[in-house]
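Values in this document were obtained by computation on a predicted structure and should not be read as measured data.
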There are 2 protein chains.
Amino acid sequence: MKKVQPQSEGEPQRLFQRLQNELAQLIAETPAGERLPSEPELARKLGVSRATLREAMRAFEGQGLIRRRQGVGTFVVGQTNVIETGLELLESIETMAERIQLKVSMGDLQIGHLKADESRSTILQVPSDSPLVQISRVIHAENRPVAYLVDLLPEEFLSSKDLEVGFTGSVLDQLLRRQDIQLSESVTNIRAVAASPEIAHALQIQRGDVLLLFIAELYSKEGRMVDYSHSYFLPGYFRFHVVRSIGLSKVASWMPIEPERR
Amino acid sequence: MKKVQPQSEGEPQRLFQRLQNELAQLIAETPAGERLPSEPELARKLGVSRATLREAMRAFEGQGLIRRRQGVGTFVVGQTNVIETGLELLESIETMAERIQLKVSMGDLQIGHLKADESRSTILQVPSDSPLVQISRVIHAENRPVAYLVDLLPEEFLSSKDLEVGFTGSVLDQLLRRQDIQLSESVTNIRAVAASPEIAHALQIQRGDVLLLFIAELYSKEGRMVDYSHSYFLPGYFRFHVVRSIGLSKVASWMPIEPERR
DNA sequence: CAGTGGTCTAGACCACACG
DNA sequence: GTGTGGTCTAGACCACTGA
């Protein structure tokens with residue numbers, strides 16, 4: 001029996017909600033690691049179109065409850081170890097993972113060499129045409145990609161030789177090993193973004209899925225910017241928090257806490 | 001001329017990318033405040049279906065470059081004032097906005113009274129059935145909703161009377177006015193989430209659009225939790241950053257920085 | 001090769017704003 | 001009412017995985 005005017009029967013606008021509830025139940029009932037019915041089959045069972053079904057499934061993928069693999073199927077993910085950390089200290093993912101005894105590894109390392117164009121030389125505070133290194137890689141944990149990292153820095157701070165041996169994915173850890181650079185702090189901008197097609201592909205998620213993005217400027221003790229990085233994190237595998245103190249608002253209003261940055 | 005097999009002609013998988021580029025150009029060329037062509041018309045002009053067009057437009061809405069209004073149209077948004085602040089200090093949106101001379105106002109205030117159920121009494125560290133107040137409201141800036149805030153706290157800290165007079169939308173500012181409560185700090189969890197239908201409606205965005213979410217636990221100097229809040233921020237109208245210092249990683253690995261929280 | 005998820009289409013109806 | 005964005009459908013093709 002076909003529904004020619006599906007919207008005009010039962011519920012007004014809550015189809016999506018109902019769908020998500022039914023999906024939540026289905027996921028909860030399915031043992032971890034098991035495959036869900038295929039999308040066409042599920043759509044038929046739940047009485048919705050495949051497009052609507054997929055839309056409703058997105059939220060669960062973002063929470064890390066399911067994982068979709070093209071050509072294979074959609075799987076229920078069990079309890080995952082969450083990397084939880086405060087933001088007051090700057091640490092590599094590797095260091096954070098080590099603290100909770102989680103194994104992480106690097107995949108898909110790409111190293112590019114380029115000259116600073118105008119925008120890049122401005123950001124990194126280097127002369128135009130300075131040699132730069134760009135390092136992109138995916139970080140795996142729990143047997144799936146969970147973060148996508150891109151670092152851009154002057155070649156003097158991290159040459160190719162440094163990357164050939166013992167590079168495990170962390171530019172920060174690599175820089176910390178150098179005795180000649182004293183790092184001081186990182187100014188990290190925190191954003192929520194939708195995954196671009198490229199990043200979605202690298203992280204094996206859907207384009208448009210939500211990601212947490214840190215844009216960090218790493219400074220040396222001399223005040224030079226050593227590294228400029230973008231870090232994309234899959235929600236559901238990371239939990240970041242920060243302790244915020246009560247300020248004297250009266251003071252804050254005529255004495256800006258944050259001087260001009262970037 | 002109909003395309004029966006649209007995928008099999010020109011470009012393989014870059015339709016979406018091309019679309020976004022064309023849209024970016026169109027938006028850049030359109031004066032701020034102007035209306036874009038209607039979706040069916042744009043879809044026809046760009047040679048894509050409406051579904052694909054809408055999907056591609058989502059990213060621009062998240063960045064605050066366009067605004068869609070049901071029954072009216074899609075409009076190009078000009079340069080907007082961004083609320084930029086560090087996270088080290090806890091401040092209300094009103095205080096942050098004041099610093100950059102941005103006018104904000106409250107809309108859609110909803111106050112609910114409820115008894116602490118098991119999960120809530122656990123979170124707030126109060127006995128079961130304690131009277132609680134839940135406060136939801138939307139914050140407007142630049143003539144549009146930009147944040148959705150939900151606070152949950154024991155009634156003893158914020159009774160209805162406190163909210164009847166002079167409540168401008170900030171629970172924090174209201175609490176700071178009380179002499180009998182000494183606030184100390186907030187432990188704030190930072191997440192990226194997709195907008196649920198309810199929140200999307202309140203913020204006048206699309207369901208599934210990306211939001212930055214702060215889940216904050218506000219503590220008094222005595223260590224009691226005073227307030228538990230969820231704050232949803234529209235990207236493009238806020239910019240949060242935090243200064244992270246270099247930790248001694250050797251120390252950090254056997255001396256956890258973060259004791260058990262929540 | 002068959003079967004899965006990923007993308008896209010064309011068209012329908014709904015909800016809303018405005019004259 | 002007219003026209004806009006918001007939702008949903010049915011069906012097609014593509015890209016990938018694994019037998």
Just call it for B/Arg54: base, sugar-phosphate, or nothing, with non-hydrogen atoms closer than 4.0 Å on any strand.
base
Any base atoms under 4.0 Å from A/Arg67, or only sugar-phosphate, or nothing? Heavy atoms, all strands.
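The answer is nothing, as A/Arg67 stays clear of every strand by at least 4.0 Å.
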Atom [atom1] of [X] and atom [atom2] of [N]: how far apart are they, to the nearest Å?
X	N	atom1	atom2	result
B/Leu19	C/dT9	CG	C1'	13 Å
A/Glu55	C/dT7	CD	P	12 Å
A/Glu39	D/dC16	CD	P	16 Å
B/Phe16	D/dC13	CZ	P	23 Å
B/Gln206	D/dT4	CD	C1'	13 Å
B/His201	D/dT7	NE2	C1'	14 Å
B/Gln20	C/dC8	CD	P	11 Å
A/Gln204	D/dA15	CD	C1'	14 Å

Carboxylate-amine/guanidinium proximity below 4.0 Å for [X] and [Y]:
X	Y	answer
A/Lys103	A/Glu142	no
B/Arg54	B/Glu39	yes
A/Arg207	A/Glu61	no

Counting only side-chain heavy atoms from C-beta out, which of [options] sits nearest to [X]?
X	options	answer
B/Val72	C/dC18, C/dC8, D/dT9	C/dC18
B/Gln70	C/dC18, C/dA15, D/dA12	C/dA15
B/Ala51	D/dC8, D/dG6, C/dT9	C/dT9
A/Arg35	C/dC8, C/dT4, D/dG18	C/dT4
B/Ser49	C/dT9, C/dG5, D/dG5	C/dT9
A/Pro40	C/dG5, D/dG6, C/dC8	C/dG5
B/Thr52	C/dT4, D/dT4, C/dC8	C/dC8

Check whether the side chain of A/Arg50 and the base of C/dG6 form a donor-acceptor pair under 3.5 Å.
yes
Measuring to OP1 and OP2 of [N], would you say a side-chain N or O of [X] lies under 4.0 angstrom away?
X	N	value
B/Arg207	D/dG6	no
B/Thr74	D/dG5	yes
A/Arg44	D/dG11	no

With a 3.5 Å distance limit and no angle check, can you tell me whether A/Asp209 reaches the backbone of A/Gln206 through a side-chain donor-acceptor pair?
yes
Taking the side chain as every heavy atom from C-beta outward, state whether A/His241 and A/Glu84 have any atom pair closer than 4.5 Å.
yes
Heavy-atom count check: over 12 atoms from other residues, nucleotides or ligands less than 6.0 Å from B/His201 NE2?
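At most 12 heavy atoms, drawn from other residues, nucleotides or ligands, come within 6.0 Å of this atom.
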5'-most by nearest nucleotide on DNA chain D - A/Arg69 or A/Val48
A/Val48
